[in-house]
Every structure is written in C-alpha cells, then in structure tokens.
S.K.: 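The structure is given below, and queries will be raised subsequently.
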Amino acid sequence: MDWVDLRSDTVTRPTAAMRQAGFAAEVGDDVMGDDPSVNALQERLAGDLGFEAGLFVPSGTQSNLLALMAHCERGDEYLVGMDAHTYKYEGGGAAVLGSIQPQPIPHAPDGTLPLEAIAAAIKPLGDPHYARTRLLALENTWHGRPLPLDYLARAGELARSRGLGYHLDGARLFNAAVACGVPAREIARHFDSVSVCLSKGLGAPVGSVLVGSKDLVGKARRWRKVLGGGWRQAGLLAAMASHALDHHVARLADDHRRAAALADALRAIPGLSVEGAFTNLLFVTLPDGKREALTAHMESRGIRIAGGYGTRLRLVTHLDVDDAGLARTIAAFREFFAA
Ligand SMILES: *Cc1c(COP(=O)(O)O)cnc(C)c1O
C-alpha cells in the first residue's frame, strides 16, 4: 500500500536522486578528517549559517549533547525550556553523560522563555552553593512554531550580558526560516552554536550537523569520538544530506501549505479543535475515547497517525505527503467523524 505517514517528518525515505548522490559520493575515513563529502557538507552548512566550522553526526540528540558538553563542564548548568527536546526527550543526556545540570524554565504560550524568567534563573557567580550557569539553550521551531526573530536577538543580548553561551536546537531550523521568509542564517546568526537535523523535513536518511566556532566544534568532535560517534566513510550519508540542502529547502513551503490546508479542513469538523500549522506540524484535540478507533480507521485507509491514548494528536507533513495523500487524509477524517 502507498502509505500516507503523518507520524513524523523523520519517516521520509531518500528520493531516487538522493540515493544517486549517495551512490556517487567520494568517501574517506572521517575520523581522520579524510572524507571529502563529509567535509564539503560541514563547510557548506557552516558557511551558509555564518559559522567557522561544522560537525556531521548521526542524530540531533547527539548534536545537542555535543553542544552542551562543548559549552559546559562538570558542575555547570544550562537554562532550557521545560518542554524542550533537549531537556525532556533526549534521555537526560546532559546530566547523565555530561554531569551538566539542567535548569528548566516554563515556556510562554508562544514557546519563548520569558526574559525575566531566564534572568531570575541565572545563579550568582562565585557562590559555591550553586552550579555555574553557563548556557542558554532555545529550540526553533518550537512545536512547529517559529520563535519571533526579535526575541532571539533580545534573549541573545541577555545571554551575552551575563556571560552565557547561546545554543539553538534548530532541528527544524529551515522550516522556521522558510516560514519567516528569511535565510536560515538570519536565525542562526544570533547563536554561538546551532544543531540542524537533515533527517526530518529535509528528507535525508540520517544525520544532523552542529555548527559553531572552530574551538567549540573541536571540543564537540572529541566528545563525538568518546561517545562512539566517530564514523568512517560517512560521506555516503553526507552526500545525501548535501543533496537535501540543495533540493529540499525551498519546497518546505509545500509542507507548510499542506499542513495549513489540513488544519483548515479538520477545524471544519465538529468536535475537533486544531492548533498550530505555523509550519509542518499541527495538533488536533480529539473527543475523549476516540483515539484508538480513529487510529484503526486511518490505518484501514492507508494512513498512519501516531498511536497512544491521549486526546492530543500531532500530525506532521513532509516530503512523502503529496496533495493526493493530503486529500485522502482529509476524506478519511471526515468519514470517521461523520459516522
Ligand atoms: C527530532 C528532534 C531532535 C533530535 O533529533 P534525533 O535525530 O531524533 O535525535 C532534537 N530536537 C528537536 C526539536 C527535534 O524535533
């Protein structure tokens, strides 16, 4: 069956042209710094985003962890959103593997961390009661929502004025850039380091890139090796990721348009409330007790949605959801809720 899979934008499969790019890639031993395709990807993305260096890694989780471990040492602290991926969905890696204490901060409804809350969470310097606050970490897009550009600047000024590093979990940085109508560099330039996923909406099979200063990326490279993330002929993957950057950035606007169309159609169904669709993610609140039956109904129509038992359902559009898949999804929702 030709599935429409709305569970995540990580489910995309490499296109024929992308597979060809991997097939044709020149490779070498990346642990020795010899892989030309990896080096090209790293240099290109660092250059595009306005940084000195980049590091290609297997996952966004590893990329964020390496950034935290490069910014912070044992006994340091980072400020992070209470629902941020880095804090909540990465297995507590900063604490477990980096001995870095997270200081979670509640999000405002638009996903920002209020500047007063950030300022109040920074610990006094030189007092041994406290962990040393070293870093502010943000996430953009936030649950599919781009953070306001002027907020990124103001939070950056605050971080700098207090001597903190400033990291962005930009797993969906390019979605944010496309939605804001600015080059990704306009978002990235506020930060000291940025992690970008290539395996989500951009459609590469594997990989993220961490960009930052030469010094920071050098530290991250060391931790990558320590974590067992040093890879060899990774150029096969890097070439596919470069292909994604060449061909799949502007088209993110199609995913956003389809998410917005899906949100509009679902809003018109009585009993459903819909939030989001700022980019490629939307959230549907279902009537109580319908989730399991809905999941089964969608499955029977060749549509995969995230399982689970809550009433809040996340739907994600991406490279492998076309207009026909969108129409099939809308029809299947209407059919279920009309019954
Ligand atoms: C997916 C994601 C990550 C982690 O990426 P993986 O490659 O799945 O480890 C980090 N941050 C955000 C916001 C994400 O959506």
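When a ligand or atom number is given, it counts from 1 through the structure's own listing order. Heavy-atom basis, side chains included; hydrogens, waters and symmetry copies ignored.
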S.K.: Give the residues near ligand 1 by chain and number, with the criterion being a heavy-atom distance under 4.0 Å.
M.R.: S59, G60, T61, N64, H85, E90, E139, D169, A171, R172, C197, K200
S.K.: Once you measure the plane-to-plane angle for H107 and W142, does it fall in the parallel (<30°), tilted (30-60°) or perpendicular (>60°) bin?
M.R.: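 Parallel.
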S.K.: Going by distance alone, is a donor N or O of one side chain under 3.5 Å from an acceptor N or O of the other, for D110 and T112?
M.R.: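 Side chains of D110 and T112: pair found under 3.5 Å.
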S.K.: Going by the angle between their ring planes, with limits at 30° and 60°, are F337 and F333 parallel, tilted or perpendicular?
M.R.: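 Correct class here is parallel.
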S.K.: Give me the one residue out of R314, R312, R267 that meets salt bridge (charged side-chain N to carboxylate O under 4.0 Å, His left out) with E275.
M.R.: R312
S.K.: Between the side chains of R160 and D192, is the shortest nitrogen-to-carboxylate-oxygen separation below 4.0 Å, so that they form an ion pair?
M.R.: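 R160 and D192: salt-bridged.
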S.K.: Are R328 and D322 ion-paired here, with the side-chain N under 4.0 Å from a carboxylate O?
M.R.: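 No salt bridge links R328 with D322.
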